Amino acid sequence: MSEEIKKEERSLNFLEEIIEEDLKTGKYQSIVTRFPPEPNGYLHIGHASSICLNFGLTQKFPGYTNLRFDDTNPVTEETEYVESIKEDVRWLGFEWKNERFASDYFDNLYAFALKLINNGLAYVDDSTAEEMAVLKGTPTEPGKDSIYRTRSIEENKDLFTKMKNGEFPDGSRTLRAKIDMQHINMLMRDPILYRIKHAHHHRTGDKWCIYPMYDFAHGQSDSIEEVTHSICTMEFVPHRELYDWLIKNLEIYPSHQYEFARRNINYTVTSKRKLLQLVTEKHVTGWDDPRMPTISGLRRRGYTPKSIRDFCDRIGVAKRDNMVDVGLLEFCLREDLNKIALRRMVVFDPIKVIITNYESDGEVLHSENNSEDEKGGIRDISFSKEIYIESNDFMEVAPKKYFRLAPGQMVRLKSAYIIKCDEVIKDADGNITELHCSYIPESKSGSDTSEIKVKGTLHWVNAADAVEIEVREYDRLFQVEDPTDEEGDFKDYINPDSLKVVKGFAEPALKEAKLDDRFQFIRKGYYCLDKESVDDKLVFNRTVTLKDGWMKDQKKN
RNA sequence: UGACCCAUAGUGUAAUGGCAACACUACUGAUUUUGAUUCAGUCAUUUAUGGUUCGAAUCCAUAUGGGUCAACCA
């Protein structure tokens with residue numbers, strides 16, 4: 001209830017305001033949005049923002065959202081990407097009303113082109129790409145008309161038909177809109193509508209050898225689907241004039257384009273071209289490498305859909321350039337994981353502890369799966385005379401306010417007993433080999449009558465049945481906030497320590513881990529099973545560390 | 001050297017002519033069988049200058065700064 005109120009009270013973003021106004025004035029009874037990926041790469045965190053926006057709008061207001069693949073360039077697009085995109089959108093928690101492809105509309109688009117030709121608003125140009133570039137002018141100089149601009153309607157029709165019929169080689173001719181070569185907006189200087197590409201299309205096969213350009217497909221597809229609010233990023237602002245020109249001259253359903261600023265996140269890149277480079281040049285293991293900002297990478301890393309949706313919600317939408325701190329993404333992640341992750345104990349860099357006064361063969365203790373979740377239940381953990389603790393949880397010479405184990409100092413073993421360090425055992429070279437401790441029998445977790453107060457609680461594992469696991473510790477992929485803004489190649493700034501593979505000794509309960517489980521290795525971080533994990537070699541990914549105030553203090557001093 | 005877009009704490013978003021708000025980060029402190037979580041507190045004269053107005057982050061003008069536009073990519 002209180003959450004609902006909070007939602008209602010939250011102010012609208014500029015797109016929601018536009019929509020609310022459109023609904024209020026009766027311009028629309030309901031709205032239609034679309035998420036329009038090109039199937040030439042995997043979706044990344046930037047797309048998640050667009051997905052949440054487009055689908056979120058039609059959850060908030062009456063209407064629906066289509067998934068439409070912008071597949072007008074057969075040489076770069078593949079079915080593999082279509083499938084991954086669908087999987088990612090679903091995983092994020094959204095369902096589209098209609099699944100469409102721009103290629104579904106190739107016949108309509110061809111007819112639209114004919115209509116423009118018939119109205120004297122499009123012509124076939126025989127210029128080469130180089131000639132066209134010269135005639136196009138520059139942002140500060142007007143362009144010049146092509147000599148083919150004045151062809152007759154009949155000739156244009158004939159030539160365009162022959163283009164379609166495959167009578168010309170690639171690149172030899174284009175169909176262009178006849179607008180204004182002097183136009184201040186470069187996109188209005190007779191933009192190319194169709195180009196010849198004798199290429200196999202992932203859906204239409206070899207039916208076509210001419211393919212429409214983005215500007216002659218996107219807005220038209222919007223219009224065919226009666227999309228009311230076509231939302232795209234700011235770099236398309238100059239395209240809007242052409243978008244509107246085509247809709248007006250084609251006399252088709254008037255969809256409208258609105259632009260927002262794409263979200264940038266520091267310490268990563270979100271450009272398909274750059275991500276593709278990271279994959280093909282093997283800087284990462286693949287599109288779903290847990291260091292990648294792709295949806296599939298984040299998924300494998302252990303991010304939850306909820307945390308990503310929450311992140312997109314929190315960063316909002318506006319029109320100004322931005323660089324969002326990846327720390328916010330991690331905050332959203334931790335917030336969700338804290339509530340759902342199963343607590344487990346794993347020791348990474350073990351040091352043996354012998355509990356000298358523990359006489360029993362061992363016992364089974366109990367620990368809550370998640371102290372944040374009353375319904376999370378408890379699990380068994382075995383305890384005995386020999387255990388491992390983290391070697392950096394012990395210091396022979398402890399500084400002030402060190403709450404961990406040190407000679408003569410007491411700590412609690414999580415869900416077990418309070419122990420005191422009596423003796424430090426070393427080898428001939430002076431390296432610590434084990435610690436001899438004594439335990440307080442009355443301090444057993446849950447039935448503590450010792451009245452001893454300790455400041456520190458350590459995680460530990462039972463030496464006898466600890467399971468060795470592999471842990472992949474991931475860190476940010478880049479060393480600088482904005483790799484594309486630095487001198488030289490962005491790849492020069494890749495963090496060489498973005499992956500560290502370490503060993504861990506886990507409590508046996510982790511053998512039951514499933515791919516969808518989320519764990520918190522107590523006092524360490526959040527982890528999940530990796531898809532490469534097998535029964536006799538468990539592999540975990542570190543999703544994100546726990547916040548570490550102690551470490552921060554240490555670094556300051 | 002044109003056109004267009006943008007400018008509010010370190011970061012991201014609010015305030016729609018009337019007390020600059022929320023979240024993250026950072027810093028203090030409390031609680032804690034995770035140095036986590038949780039809780040409490042601290043951190044801005046809204047890019048600049050001028051104008052309109054009883055009153056401006058908001059409207060106007062100019063400047064400054066950042067971004068976009070010259071693919072047969074999307």
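Values in this document were obtained by computation on a predicted structure and should not be read as measured data. Labels below follow one simple rule: chain letters A, B, ... track the order of the sequence lines, proteins then strands, and each chain is numbered from 1.
Taking atom C1' on both B/U11 and B/A3, the two are 31 Å apart, rounded to the nearest angstrom. For the C1' atoms, the distance linking B/U13 with B/G18 amounts to 22 Å, nearest Å. Of the C1' atoms belonging to B/U52 and B/C39, the separation is 48 Å, rounded to the nearest Å. Going from the C1' atom of B/A9 to that of B/C4 covers 30 Å, rounded to whole Å. Rounded to the nearest Å, the gap between the P atom of B/U37 and that of B/C24 is 11 Å. For the P atoms, the distance linking B/U47 with B/C6 amounts to 15 Å, nearest Å. Here the separation of B/U46 from B/G41, taken at their C1' atoms, is 25 Å to the nearest Å. Going from the C1' atom of B/A48 to that of B/G65 covers 10 Å, rounded to whole Å.
Between A/Asp313 atom CG and B/C24 atom P the separation is 14 Å, expressed in whole Å. Rounded to an integer number of Å, the gap from A/Leu242 CG to B/C4 P is 18 Å. As rounded to whole Å, 7 Å separates atom C1' of B/U37 from atom OH of A/Tyr526. B/U11 atom P lies 13 Å from atom OH of A/Tyr267, rounded to whole Å. Nucleotide B/U33 holds its C1' atom 13 Å from the CD atom of A/Glu372, rounded to whole Å. Atom pair A/Gln220:CD and B/A74:C1' shows a separation of 14 Å (rounding to whole Å applied). One can place CD1 of A/Ile315 at 16 Å from C1' of B/C22, the figure rounded to the nearest angstrom. For the pair A/Arg518 CZ and B/A36 P, the computed distance is 24 Å after rounding to whole Å.
Among the protein residues, A/Gln520 comes within range of the nucleic acid bases, having at least one heavy atom under 4.0 Å from a base atom. Within the nucleic acid shown, A/Arg412 comes within 4.0 Å of at least one base atom, counting heavy atoms only. Using a 4.0 Å heavy-atom criterion, one finds that A/His183 contacts no nucleic acid atom at all. Here A/Val317 lies in heavy-atom contact (under 4.0 Å) with sugar-phosphate atoms only. Among the atoms of the strands shown, none is found under 4.0 Å from any heavy atom of A/Gly143. Among the atoms of the strands shown, base atoms are found under 4.0 Å from some heavy atom of A/Leu546. A/Phe403 comes within contact range of at least one nucleobase, with a heavy-atom separation under 4.0 Å. Here A/Phe311 lies out of heavy-atom contact (under 4.0 Å) with every strand.
Between the base of B/G35 and the side chain of A/Arg404 there is a donor-acceptor pair shorter than 3.5 Å. You'll find a donor-acceptor pair under 3.5 Å spanning the side chain of A/Ser445 and the base of B/U33, going by distance alone.
Geometrically, A/Arg176 does not engage A/Tyr123 in a cation-pi contact, judged by NZ or CZ lying under 6.0 Å from the ring centre and within 45° of the ring axis. Both tests pass for A/Lys164 against the ring of A/Tyr110: distance under 6.0 Å to the centre and angle within 45° of the axis.
Here the side chain of A/Lys319 is nearest to one of B/C5, B/U34, B/U13, namely B/C5. Checked against B/C24, B/A15, B/U11, the side chain of A/Arg314 finds its nearest nucleotide in B/C24.
Closest heavy-atom contact between A/Phe490 and A/Phe478: O-CE2, 3.3 Å. The two residues A/Ile452 and A/Ile418 make their nearest non-hydrogen contact at O-CD1, 3.8 Å.
For A/Phe260 and A/Phe14, the ring centers sit 6.0 Å or farther from each other. You'll find the ring centres of A/Tyr81 and A/Phe69 outside the 6.0 Å limit. In this structure, A/Phe383 has its ring center closer than 6.0 angstrom to the ring center of A/Tyr417. For A/Phe236 and A/Tyr243, the gap between ring centers reaches or exceeds 6.0 Å.
Phosphate proximity of B/C24 to A/Arg334: absent, as no side-chain N or O sits under 4.0 Å from OP1 or OP2. Put simply, A/Lys552 has no side-chain N or O that comes within less than 4.0 Å of OP1 or OP2 on B/G35. Checking the phosphate oxygens (OP1, OP2) of B/G12, no side-chain nitrogen or oxygen of A/Arg263 falls inside 4.0 Å.
Salt-bridge annotation for A/Arg68 and A/Glu225: present, with a side-chain N of the basic residue lying under 4.0 Å from a carboxylate O of the acidic one. With respect to A/Arg476 and A/Glu330, no salt bridge is recorded, no charged nitrogen being found less than 4.0 Å from a carboxylate O. In this structure, A/Arg173 pairs ionically with A/Asp126, as a charged nitrogen and a carboxylate oxygen lie closer than 4.0 Å. A salt bridge links A/Arg240 with A/Glu259; the closest basic N to acidic carboxylate O contact falls under 4.0 Å.
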Tell me, for nucleotides 67-73 of chain B in 5' to 3' order, what letter each nucleotide earns: B for a base near a protein heavy atom under 4.0 Å, S for only sugar-phosphate near one, - for neither? S-BB-BS
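Between A/Asp548 and A/Asn322, the residue whose closest nucleotide on RNA chain B is further toward the 5' end is A/Asn322. Mapped onto RNA chain B by nearest heavy atom, A/Ser443 and A/Thr140 fall at different nucleotides, with A/Thr140 at the one closer to the 5' end.
Between A/Phe521 and A/Phe540, the ring planes lie perpendicular to each other; the angle is over 60°, past the 30° to 60° tilted range.
Near RNA chain B, meaning a heavy atom under 4.0 Å from it, residues 336-346 of chain A has A/Asn338, A/Arg343 in order of number.
For the residue pair A/Asp448 / A/Ser443, no side-chain donor-acceptor distance below 3.5 Å is found, with atom types taken as modelled. Under 3.5 Å, the side chains of A/Asn322 and A/Arg262 contain no donor-acceptor pair of N or O atoms.
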Could you spell out the base pairing of RNA chain B in dot-bracket, with Watson-Crick or G-U pairs whose two distances are under 3.5 Å, [ ] crossing and | to another strand? .((((((..((((....[..)))).(((((.......)))))....(((((..]....))))))))))).....
